[in-house]
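Because the structure is a prediction, the values reported are computed rather than measured.
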Amino acid sequence: MSGREVARDRDAEFVSSGPVGPLLEKVKEVRARLAEDVRAAVPADPLRGTPPDGFLGPDDVQTQGSALLHVYEELAQHHGQMEILRDAIHAGAAA
């Protein structure tokens, strides 16, 4: 939606490891960028760029508003998955 190039190694995301601190800093940066993108969005306008072919997502994302809705859907799903994982970790630690 923003027209920025995104470098992503999806396969590596499933096997990467490392300290939490740098990841938290990256999350802070991305949250700020997302807030800027949302403020700058014009929901009915077309996307500012074309997503790479390798990106997964619905084919009907053609406006900035539909891209924001898709991002929200993904964030909600992943947030729920993280809550389930957190609960499972806590349950295992209590056993």
Side-chain angles (χ1 to χ4, degrees):
M1 180 187 79
S2 69
R4 278 189 304 274
E5 185 175 327
V6 176
R8 182 175 184 187
D9 183 349
R10 189 170 172 78
D11 292 335
E13 293 172 13
F14 294 96
V15 296
S16 61
S17 63
V20 173
L23 182 59
L24 293 175
E25 284 301 314
K26 183 70 173 173
V27 168
K28 188 175 175 181
E29 293 170 15
V30 171
R31 287 181 70 172
R33 192 175 321 124
L34 175 60
E36 292 170 11
D37 289 343
V38 170
R39 282 191 296 274
V42 180
D45 280 5
L47 299 175
R48 294 185 184 136
T50 303
D53 291 336
F55 275 37
L56 302 175
D59 293 332
D60 59 344
V61 175
Q62 298 176 5
T63 65
Q64 293 175 32
S66 60
L68 287 173
L69 180 59
H70 177 63
V71 168
Y72 177 75
E73 291 169 340
E74 291 295 317
L75 287 171
Q77 288 175 359
H78 290 295
H79 182 258
Q81 292 164 345
M82 288 187 293
E83 288 182 323
I84 291 168
L85 181 57
R86 177 208 56 209
D87 293 347
I89 290 169
H90 284 294

(message) I'd like to check Leu34 versus Leu75 (side-chain heavy atoms, cut-off strictly below 4.5 Å). Are they in contact?
(response) yes

(request) Output every pair passing side chain to side chain donor-acceptor pair (under 3.5 Å) with a member in residues 12-27, not counting sequence neighbours, ordered by first then second residue. (result) Arg8-Glu13

(request) Can you see which heavy atom on Thr63 is nearest to which on Leu47, and at what distance? (result) O-CD2, 3.4 Å

(request) State, to 0.1 Å, how close Ala41 and Pro43 come at their nearest heavy-atom pair, and which atoms those are. (result) O-CD, 3.7 Å

(request) Can you run down the side chain to side chain donor-acceptor pair (under 3.5 Å) pairs that involve residues 80-95, sequence neighbours left out, and say none if there aren't any? (result) His78-Gln81

(message) For the CD atom of Gln62 and the CG atom of Asp45, what is their distance to the nearest 0.5 Å?
(response) 13.5 Å

(message) What's the separation between atom NE2 in His70 and atom CD in Glu74, rounded to the nearest 0.5 Å?
(response) 4.5 Å

(message) Please say yes or no: joined through hydrophobic side-chain contacts below 4.5 Å, possibly via intermediate residues, are Leu69 and Val71 part of one cluster?
(response) no

